[in-house]
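Because only heavy atoms are used, hydrogens play no part in the values below, and waters and symmetry mates are left out as well, while side chains stay in.
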Amino acid sequence: MSAEQQHRDGQAADPGPRSLAQALRERDDASLGALLRSRPDLLHPVPTDVTQLATRAGTRASVLRALEHLDRFALQAAEALAVAPDPASYQELLDLLAGDDGDEEVAGALPATVALLRERALVWGGEDRLRLVRTARELLAPSASHSSPTGLGPSVAEATSGMSPGRIQAILTAAGLPHTHDAVSAVAALSALFADRERVAELLEGAPEASREVLTRLVWGPPYGQVTAEPAAHLRWLLDRGLLLPTTPGTVVLPREAALSLRGGRAHRVPEPTRPQVAVAAERKPQVVDAAAGGQALAALDTVEELLRSWDEGGPAVLRAGGLSIRDLKRTAAVLEVPEPVAAFWVELAYAAGLIASDGGYVEEHHDRHDRHDDDGEGYEDEETRDARTRRRSGEAEHYAPTPEYDAWRDLPPADRWAWLLEAWLPGTRTPGLIGGRDGRDRTLSALGPGLDRSPAPEVRRRVLELMAELEPGQAPDPATLLERLRWERPLRSAGPRREQPEPPRAGVRPAYGGGVAPNDPEALRTKLTEWALLEAEMLGVTGRGALATHGRALLGTEGRSEGAGSGTTAAGSARATVVAALLAPLLPEPLDHVLLQADLTAVAPGPLVRPLAEALGVLADVESKGGATVYRFTPGSVRRALDAGRSATELHAFLDRHSRTPVPQPLTYLIDDVARRHGLLRVGAASSYVRCDDESVLDEILADRRATALRLRRLAPTVVAAQADPRTLIEGLRAMGFAPAAESAEGDVMIARPHAHRTPPRTPPAPVPDGPPAPDATLLTAAVRAVRAGDRAATAPRKDTPEAEAPGGLPRTSPADTLATVQAAAMTGESVWIGHVNAEGAASQLLLAPLRVEGGYVTGYDHTADEVRTYALHRITGVAELADETDGAEPAR
């Protein structure tokens with residue numbers, strides 16, 4: 001016995017409920033909870049009873065959202081019901097989907113699909129009276145201006161509704177049908193003709209070839225065509241026989257019954273009852289995948305750290321419209337040594353993780369200033385500090401800078417830092433791939449700017465990972481089949497037949513990241529979101545060599561922290577982050593506390609360095625190359641930078657000797673000593689500015705150098721030269737000439753130059769823009785179902801037939817004395833009564849109350865509507881009505 005036969009036999013000829021509200025009322029609690037879980041928008045706010053739930057489930061916005069979350073076959077079933085008679089039987093629905101020749105796959109999948117549509121309150125009614133909710137039918141059924149998503153047009157009755165009776169009789173005659181006495185029977189006869197496959201075939205045997213070609217073009221939609229005032233003969237043949245019916249002047253349509261006959265009874269050209277399988281493009285050892293993903297994760301951390309380090313002293317300015325300028329993005333890409341779209345992704349990721357933000361108009365500084373302390377401990381305010389204070393006073397333009405959360409993130413272990421980033425990436429709705437494209441107003445979308453939120457992004461991102469997790473460890477999916485699966489699970493509705501889909505990524509071809517997407521093109525957006533999810537997962541180390549890593553699978557198994565990244569809790573604050581970090585940690589190399597010094601003035605770090613060593617070496621040397629091993633090069637400029645930071649030559653020698661696994665090369669020792677010997681020999685201070693040197697021959701050399709002309713130097717004394725330039729310009733000019741000057745304070749002390757660490761005030765990371773309300777948890781579902789049941793019991797409890805006790809609006813209406821007496825009597829006998837209540841905001845409601853205590857102007861009792869004990873002021877009760885005899889004195893079941 002087939003599945004559809006079992007389905008029919010298991011369902012007697014039961015007319016079913018008479019309304020959607022009754023259908024929902026007959027459900028058990030588990031089924032009602034399943035509805036609220038699948039359509040969480042129905043929970044906000046919690047419906048007071050089943051009637052309100054049914055009303056809300058039929059609203060346009062809610063039905064649209066429910067249709068958009070159906071898979072392709074469920075949507076096809078709903079579209080078929082929209083063109084079927086209302087109500088339709090299960091067999092009629094099956095015939096529309098399987099066609100005259102039948103389809104075993106459709107017959108096997110349809111029972112579960114109908115059950116799904118029932119569960120989501122899109123279909124209700126008995127087995128022989130299936131009804132699509134009215135709003136869904138309005139959205140999916142054809143009209144005079146557009147066809148159904150199936151490509152079918154209006155029925156004969158709908159298309160001829162404005163046609164004259166004489167014209168209808170003329171069509172009957174041309175089609176070979178007998179004359180009728182009224183238009184209704186004429187339309188019925190014509191509909192019956194077009195619904196009969198054999199009779200339609202006989203009618204078309206005498207049609208011109210050109211007429212049959214027209215029908216072939218219209219049969220699968222769109223069914224509308226244009227005709228002139230004097231149509232050609234082959235079109236006139238179709239018009240005379242009603243195979244084309246006029247809808248508006250110059251427009252004709254192929255009626256639904258005729259189209260279905262030509263289609264063999266099928267509503268869709270290709271029913272898709274079976275979900276496509278994700279093919280495997282490559283298969284690798286899981287250990288290889290995990291190792292590759294671990295390397296990518298380490299590279300991701302290095303890239304984010306490099307970005308934040310480059311903005312540590314204050315990042316680029318914020319555009320007036322928000323975001324980064326194209327020039328600043330190019331500079332950031334050059335620093336990170338990646339393409340601009342990839343640099344935009346890292347910038348957006350750091351922003352989503354709460355690690356960078358706008359400073360709000362001026363820079364909050366945590367800086368080690370060019371400072372010196374007097375003997376009494378008083379601080380010294382230098383020029384930089386005065387400039388910062390002036391900027392704050394004048395209201396300087398906004399800049400991007402690291403947030404205080406960056407300092408907390410930087411102190412975490414590498415695995416926890418990576419988990420922090422993933423907690424921001426997975427639920428984020430900002431879409432970096434759009435950067436560089438255009439919005440609906442033809443404005444360029446910029447990094448960190450507005451207009452980048454796309455609500456489907458988290459769902460697509462998570463679903464891509466879930467589908468990859470369904471494969472065996474080490475298997476990499478084929479992107480084309482992955483995209484086709486996502487399209488089947490979340491097809492995009494359209495007003496007409498299904499459009500041609502954008503070309504999916506081909507196996508073995510790695511698409512470029514970014515490039516944007518045309519606005520108002522949801523199909524192209526979904527394709528791009530899938531591609532971007534795969535590329536981002538690879539860049540972050542969630543996948544390795546195209547397959548999901550072990551720690552990537554853990555991302556899908558546990559709930560993450562609710563506070564969001566950067567909210568003051570570390571990655572260890574979530575169960576998911578803890579598990580992921582524990583799985584990733586063994587794949588990351590341990591930080592090293594040593595380097596290998598070489599004779600060519602370079603140092604090789606064979607792996608990641610501990611933070612103090614990396615920071616100190618970053619000041620003393622320049623990074624020459626990155627990769628599995630980082631190469632640092634020592635130059636006079638880098639050594640001078642370390643001396644400017646307050647390190648002496650002796651300290652530098654000791655530092656290198658302590659952290660090098662190889663002997664310190666003699667050329668490096670000579671370089672440090674040579675730069676240190678000349679460092680600070682010249683002193684630059686603020687007059688306009690001046691140069692002071694105990695060696696007069698050095699000043700003579702400077703004055704004789706042509707490159708000093710721009711500094712406009714003038715000798716004031718044998719050891720002092722004045723300049724027209726400011727101290728900073730003078731120092732840079734002397735360094736360009738090969739000298740190593742040092743800045744000094746007004747008291748003549750050498751000032752140590754340490755970098756400023758700019759921080760924004762505490763910032764909240766950008767909140768995702770969800771695609772509707774979040775899915776409810778089990779506690780909320782249980783409470784909501786209980787409240788709806790309680791409200792429904794209260795709303796359906798019968799009252800005594802006392803019309804005089806009701807106000808025109810339906811609220812019970814009694815005098816204050818009668819109200820008090822009835823409530824007191826109910827409290828004594830334990831009965832439940834109806835009360836009308838008006839709250840402090842003036843909202844009126846009806847409540848089923850079992851009074852427990854009446855005192856002090858208040859009544860306390862069990863409110864069956866709210867399913868809890870509540871207290872109400874007597875002066876806000878409009879009146880009281882007793883329940884009918886069959887429920888008097890009996891408390892409704894809880």
Self-check item: Nearest-0.5 Å distance that lies between atom CG in L486 and atom CG in L529
Solution: 10.0 Å

Quiz item: When you look at L130 and W124, which way does the side chain to side chain contact (heavy atoms under 4.5 Å, CB included) test go after all the steps?
Solution: CA-CA 6 Å; L130 294 175; W124 59 276; over 6 Å; no

Quiz item: With side chains defined as the heavy atoms from C-beta onward, is the minimum distance between D863 and Y872 less than 4.5 Å?
Solution: yes

Practice problem: For the pair L421 and W409, evaluate side chain to side chain contact (heavy atoms under 4.5 Å, CB included) and give the outcome as yes or no after the intermediate values. | Solution: CA-CA 10 Å; L421 297 179; W409 177 81; 4.3 Å; yes

Exercise. Can you run down the salt bridge (Lys or Arg N to Asp or Glu O under 4.0 Å) pairs that involve residues 50-65, sequence neighbours left out, and say none if there aren't any?
Key: R65-D771

Self-check item: Heavy-atom side-chain contact between P851 and T860 under 4.5 Å
Solution: no

Practice problem: Report yes if the side chains of L64 and L139 come closer than 4.5 Å at any heavy-atom pair, otherwise no. | Solution: yes

Quiz item: Hey, what do you get for CZ (R118) to OG1 (T113), rounding to the nearest 0.5 Å?
Solution: 12.5 Å

Quiz item: Looking at W425, does the NZ or CZ of R461 lie under 6.0 angstrom from its six-membered ring centre and within 45 degrees of the ring axis?
Solution: yes

Quiz item: Hey, which of R275, R72, R463 is the one that makes salt bridge (charged side-chain N to carboxylate O under 4.0 Å, His left out) with E489?
Solution: R463

Quiz prompt | R454 side chain vs T431 backbone, donor-acceptor pair below 3.5 Å | solution = no

Practice problem: Check Y351 against P765 and note the closest heavy-atom contact, atom names and distance. | Solution: O-CB, 4.2 Å

Practice problem: Answer yes or no: is there a donor N or O on one side and an acceptor on the other, between the side chain of Q52 and the main chain of D49, under 3.5 Å? | Solution: no

Quiz item: Can you name the nearest heavy-atom pair linking E79 to T150, along with the distance?
Solution: CB-CG2, 3.7 Å

Quiz item: For the atom pair CZ (R25) and CG (L20), what is the distance rounded to the nearest 0.5 Å?
Solution: 10.0 Å

Quiz item: Is the side chain of S38 donor-acceptor paired with the backbone N or O of L35 at a distance under 3.5 Å, no angle test?
Solution: yes

Quiz item: Which value, rounded to the nearest 0.5 Å, describes the distance between L132 atom CG and D86 atom CG?
Solution: 8.0 Å

Practice problem: Taking the side chain as every heavy atom from C-beta outward, state whether L140 and P149 have any atom pair closer than 4.5 Å. | Solution: yes

Practice problem: Verify, without hydrogens or angle tests, whether R137 (side chain) and L81 (backbone) share a donor-acceptor contact under 3.5 angstrom. | Solution: yes

Quiz item: Does the R18 side chain pair with the main chain of G125, one donor and one acceptor, at a distance under 3.5 Å?
Solution: no

Practice problem: Measure from the side-chain N and O atoms of S31 to the backbone N and O of D28, and report whether any donor-acceptor pair falls under 3.5 Å. | Solution: no

Practice problem: Would you give the length of the straight line joining atom OH of Y862 to atom CG of L852, rounded to the nearest 0.5 angstrom? | Solution: 10.5 Å

Quiz item: Which heavy atom of L93 sits nearest a heavy atom of A77, and at what distance?
Solution: CD1-O, 3.7 Å

Quiz item: Where do L465 and L426 land on the side chain to side chain contact (heavy atoms under 4.5 Å, CB included) test, with the steps shown first?
Solution: CA-CA 10 Å; L465 298 182; L426 193 59; 3.9 Å; yes

Quiz item: Are T429 and L452 side-chain neighbours, meaning at least one heavy-atom pair lies under 4.5 Å?
Solution: no

Quiz item: In Å and rounded to the nearest 0.5 Å, what is the CG to CD distance from L97 to E92?
Solution: 12.0 Å

Quiz item: Any side-chain heavy-atom pair from L116 and R120 closer than 4.5 angstrom?
Solution: yes

Quiz item: If we ignore angles and hydrogens, is there a donor and acceptor under 3.5 Å between the side chains of T814 and T819?
Solution: yes

Exercise. Look at the side chain of W834 and the backbone N and O of G879, then say whether any donor-acceptor pair between them is shorter than 3.5 Å.
Key: no

Practice problem: Please tell me if the side chains of E26 and P17 come closer than 4.5 Å, counting only heavy atoms from C-beta onward. | Solution: yes

Self-check item: Nearest heavy-atom neighbours spanning L780 and P776
Solution: CD2-CB, 3.7 Å

Quiz item: Looking at side-chain heavy atoms only, is the closest gap between E127 and Q91 below 4.5 Å?
Solution: no

Exercise. Show your reasoning for whether side chain to side chain contact (heavy atoms under 4.5 Å, CB included) applies to L32 and R789.
Key: CA-CA 10 Å; L32 206 58; R789 291 293 191 200; 3.9 Å; yes

Quiz item: Are the side chain of R39 and the backbone of A57 linked by a donor-acceptor contact shorter than 3.5 Å?
Solution: yes

Exercise. State, to 0.1 Å, how close L355 and W420 come at their nearest heavy-atom pair, and which atoms those are.
Key: CD2-NE1, 4.3 Å

Exercise. Provide the closest heavy-atom pair for V460 versus R526 in the form atom of the first, atom of the second, distance.
Key: CG2-NH1, 3.8 Å

Quiz item: Have S62 and D41 got a donor and an acceptor in their side chains that come within less than 3.5 Å?
Solution: yes

